[in-house]
Amino acid sequence: MSDILVRKLARTDKSAWQQHWANYLEFYQQDLSQEVTDGLFERLLSAGSHSAFVAEKQNRIVGFVHFLFHDSSWSLDQVCYLEDLYVSPEVRGGGVGRKLIEAVYTAADQEPGANGKVYWHTNQDNKRAQMLYDRIGDLSDYIRYVRS
């Protein structure tokens, strides 16, 4: 894992990030317009609440994580939502996902007005990712619904 560098997303990462983003969307069977993708990339680079890290291995981007801070009705502090996590298939199981999540943990611990709490969702059939999540997080009892 020492050969993995996690850093903030930079404008020069757009091409590599966009390819990984396309692979991520394909995995989740989503089709977003280029306008949405471009808007997300700009938002991730802005000083707003949405942020991103990338993971590099041998000077090549091999993954990303997107996260944002938001208010909570159950706390005066903000909480951190880890919204998207992607690791290239050829390096999965090698510590990249763990390092990206730990970087979000550190950001949540350092964010003024936040309480260090981080949460995320995954599909129930994403068993490979759950093997990591079960080691570094606690599975909640909540079931997520979306508007029909």
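In what follows, residues are counted from 1 in the order of the sequence shown.
Distance alone, capped at 3.5 Å, places no donor-acceptor pair between the R92 side chain and the R128 backbone. Side-chain atoms of N115 come within 3.5 Å of backbone N or O of K117 as a donor-acceptor pair. Within the 3.5 Å criterion, the main-chain N or O of V6 finds no donor-acceptor partner in the side chain of K99. In terms of modelled atom types and a separation under 3.5 Å, the side chain of T37 and the main chain of Q34 share no donor-acceptor contact.
Transitive grouping of hydrophobic side chains (ILVMFWY, heavy atoms separated by less than 4.5 Å) brings F27 and V36 into a common cluster. Cluster membership for V65 and I61, using ILVMFWY side-chain heavy atoms within less than 4.5 angstrom, is not shared. In the hydrophobic clustering of this structure, V62 does not group with L25; members are Ile, Leu, Val, Met, Phe, Trp, Tyr whose side-chain heavy atoms approach within less than 4.5 Å, directly or through other members. Note on V87: it clusters hydrophobically with L82, by side-chain heavy-atom contacts below 4.5 Å among ILVMFWY residues. Follow the hydrophobic side-chain contacts under 4.5 Å out from V79 and you never reach I136; the two are in separate clusters.
Considering all non-hydrogen atoms of both residues, A108 and C80 come closest at CB-CB, 4.1 Å. I4 and G94 get closest at one heavy-atom pair: CD1-O, 3.7 Å. In terms of heavy-atom proximity, V96 sits nearest to A55 at CG1-CB, 3.6 Å.
A salt bridge between D38 and K14 is present, with a side-chain N of the basic residue lying under 4.0 Å from a carboxylate O of the acidic one. Between K57 and E90 no salt bridge is recorded (no basic side-chain N to carboxylate O distance below 4.0 Å).
A distance of 11.0 Å separates CD of E111 from CG of D77, quoted to the nearest 0.5 Å. To the nearest 0.5 Å, atoms CG (D13) and NZ (K8) are separated by 12.5 Å. If you take CG on D84 and CG on L100, they are separated by 12.0 Å, rounding to the nearest 0.5 Å. If you take CZ on R144 and OG1 on T122, they are separated by 11.0 Å, rounding to the nearest 0.5 Å.
Counting heavy atoms of neighbouring residues, nucleotides and ligands inside a 6.0 Å radius, atom CD of E35 does not exceed 12 of them. More than 12 heavy atoms of other residues, nucleotides or ligands lie within 6.0 Å of CG in D134, so this atom counts as buried by the packing criterion.
Applying the ring-ring contact (aromatic ring centres under 6.0 Å, His included) test to residues at least two apart or on different chains, the pairs with a partner in residues 129-148 are W120-Y133. A ring-ring contact (aromatic ring centres under 6.0 Å, His included) check over residues 76-110, counting only residues at least two apart or in different chains, returns the pairs H20-Y86, F64-Y86, Y81-Y119, Y81-H121.
Of the N and O atoms on the side chains of N126 and Q130, not one donor lies less than 3.5 Å from an acceptor on the other residue.
Just one residue in the list F41, Y24, F53 forms a ring-ring contact (aromatic ring centres under 6.0 Å, His included) with W17, and that residue is F41.
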